[in-house]
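For reference, the structure is listed below as structure tokens.
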Amino acid sequence: ASRTMSVRSRSMQVSASAKSKALSYESINHAVRNAEYAVRGAIPIRAEQLKLILDKDPGSLPFKKIIHCNIGNPQALKQKPVTFFRQVVSLCTNPDLLKEENREDVLKLYPEDAIERAHKYFEKGGTVSTGAYTHSQGMPVIRESVAKFVEERDGFPTSPDRLFLTNGASAGVQMILNLLSANPKVGVMIPIPQYPLYSATMAMVNGTAVPYYLDESLGWSISIPELERAKEEAENLCVSTKALVIINPGNPTGQCLTWDQMENIIKFCHRNSLVLMADEVYQANIYNDDLPFHSFRKVLKSMPMQFQDLELISFHSTSKGMIGECGMRGGYMHLTNIEPDVQAEIYKCCSIQLCPNVPGQIMTDLMINPPKEGDASYQTFKDENNTILESLKRRAAKLVTAFNSMENITCEPSSGAMYAFPNIALPQRAIDAAADHNVKPDAFYCLQLLEETGVCTVPGSGFKQVPGTFHFRATFLPLEEDFDHFIGLISDFNTKFMEKYRS
Ligand SMILES: Cc1ncc(COP(=O)(O)O)c(CN[C@@H]2CONC2=O)c1O
């Protein structure tokens, strides 16, 4: 019987391999195949391979570790979580810690205000357990808190019903891009360079990405004539543009918009009947006091009545700021002037996903509603927050200055976000060598940098760029104690690279 079984199972295997697979590269949705996401593309994939080699044989490569500067993932580079936030989330996920009979013991480990805050999520408008599905838009008690945050930040009230908590900003962005892309001739304007969530998602939903170029010579600013040009070019291709994506502060470029620039963008969207998608995930990552963050909602609400029907969708995330809670997958999207029947469709999409994850919802509330002056945990929170902010400011300035001191490299200031995006004037011989290796020139530079130093970055081609220009993106997230070493690795590599390929 066992022999029969083995023959039968072998014959079934043969038949399976002989029959073409139901799921083959050729048979899958080509829209998925067309999507590209360089932040975790070829260079980071190679970095993972090198890491496995180092794990097996530590001395086998010209460096001891990989420095992952390809992704804005602060806690992966040893940034500590904010104490109060993790105290509250841990209290919420272990119900025994909130039982009255355990209070005396729990108070030995947790401050009273953390226990008090944790209870809030299990009261009216909250949940019964972090393991239970919540309202499709997220817990009402948290959406009320976000509405209060928005009103205090902007000076204009909003309703919790216009807020949707999301599994990171990505989930919200993808839902809206999908909703917009009614057919392949619908266009969404996206910045170049851009965070590739946008171009990848537009490919996946069979929409048309309508690129508009940021002006590197003007600090990556957005020009209205360029927006007009891009939209007109799309119209000439019979593409009907429905939305404009703005990332402010910018990723990968780090620029921050001024109030006037934002007003002009709103006017452009209004006169062209475009939905404005405001990606504001880096709103707390502000390093230049002369360029403070303003939300698009605040600017819009401050403008004359004629603009007050502009359709605006704003996105926020727990992945950035001073907290870097990327893995918690928290965030929200905020609808302004979106038609009720369209909001109902967005609600349906959220309901199909059931609900955003509950720890991420709680982290979203903690992000926008941290300890206040007078709370037991306020001083610790304030010290932790300011320490991280001041360090990010120093690292941003230091990395940009370092890039500007390297041969054939120039770099615009990083006034916000988590990245520097230097421009490399690659010698022709390097461009030719890249062609010989069948890789794009800036990818060739990034690959050589990785193979020789362990520093993992993302080539500018992964964010798209003006043809004939070359860039790469590096985060400034390595801890300050490692920062000089990190910069030295890139600087020494660049000197050797330019020496080797100097025309
Ligand atoms: C501009 C922008 N929008 C949205 C997101 C998505 O964030 P969530 O984690 O909330 O989904 C990111 C993440 N930043 C990516 C990830 O790390 N490095 C990056 O460039 C981003 O940079």
Side-chain angles (χ1 to χ4, degrees), residues 36-41 43-44 47 67-77 79 138 146 164-177 188 190-202 214 220 222 244-257 277-286 293 295-296 313-334 353 356-357 359-361 363-364 367-368 392 414-421 446 456-464 471-478:
E36 293 175 0
Y37 183 70
V39 169
R40 286 189 150 167
I43 312 280
I67 302 177
H68 288 280
C69 290
N70 59 297
I71 189 166
N73 196 7
Q75 294 186 26
L77 281 92
Q79 178 176 303
V146 174
F164 288 72
L165 304 185
T166 54
N167 288 321
S170 303
V173 166
Q174 293 199 306
M175 190 179 293
I176 299 304
L177 292 179
V188 173
I190 59 174
I192 303 296
Q194 47 99 42
Y195 169 49
L197 164 69
Y198 291 92
S199 51
T201 303
M202 287 309 290
L214 304 179
W220 296 113
I222 297 174
L244 169 68
V245 172
I246 299 280
I247 305 173
N248 179 48
N251 172 9
T253 44
Q255 84 286 4
C256 294
L257 292 171
M277 292 178 68
D279 183 326
E280 300 175 331
V281 300
Y282 295 103
Q283 61 186 264
N285 297 94
I286 301 298
F293 173 78
S295 73
F296 265 101
I313 302 176
S314 313
F315 301 92
H316 200 0
S317 166
T318 64
S319 299
K320 311 302 174 181
M322 304 311 122
I323 64 177
E325 291 284 5
C326 308
M328 285 286 179
R329 310 308 297 132
Y332 68 81
M333 62 182 170
H334 184 193
Q353 299 288 330
N357 81 87
Q361 292 187 45
M363 190 56 78
T364 302
M367 169 178 71
I368 51 89
L392 281 170
S414 289
S415 305
M418 291 184 171
Y419 318 97
F421 196 62
C446 293
C456 181
T457 58
V458 183
S461 43
F463 302 91
K464 303 185 190 314
H471 302 77
F472 67 94
R473 189 190 78 172
T475 73
F476 35 83
L477 295 177

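Both ligands and their constituent atoms are indexed starting at 1 by order of listing.
With sequence neighbours left out, the side chain to side chain contact (heavy atoms under 4.5 Å, CB included) criterion links Leu77 to Leu477, Pro478. Residues passing the ring-ring contact (aromatic ring centres under 6.0 Å, His included) test with Phe476, sequence neighbours excluded: Tyr287.
Using a 4.5 Å cut-off on side-chain heavy atoms (C-beta onward), Pro459 and His471 make no contact.
In this structure, a donor-acceptor pair under 3.5 Å is present between the side chains of Gln194 and Ser199. For the residue pair Tyr195 and Asp279, no side-chain donor N or O sits within less than 3.5 Å of a side-chain acceptor on the partner.
Closer than 4.0 angstrom to ligand 1 lie heavy atoms from Ile71, Gly72, Gly168, Ala169, Ser170, Tyr195, Ile247, Asn251, Asp279, Val281, Tyr282, Ser317, Ser319, Lys320, Arg329, Tyr419, Arg473.
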For residues 67-76, run the donor-acceptor check on the side chains, cut-off 3.5 Å, and write out each pair with its distance to 0.1 Å, sequence neighbours left out.
| residue | atom | partner | partner atom | Å |
| --- | --- | --- | --- | --- |
| Asn70 | ND2 | Val39 | O | 3.0 |
| Gln75 | OE1 | Arg86 | NH2 | 3.1 |
| Gln75 | NE2 | Ile323 | O | 3.1 |
| Gln75 | NE2 | Gly324 | O | 3.2 |
| Gln75 | NE2 | Glu325 | OE1 | 3.3 |
| Gln75 | NE2 | Glu325 | OE2 | 3.4 |

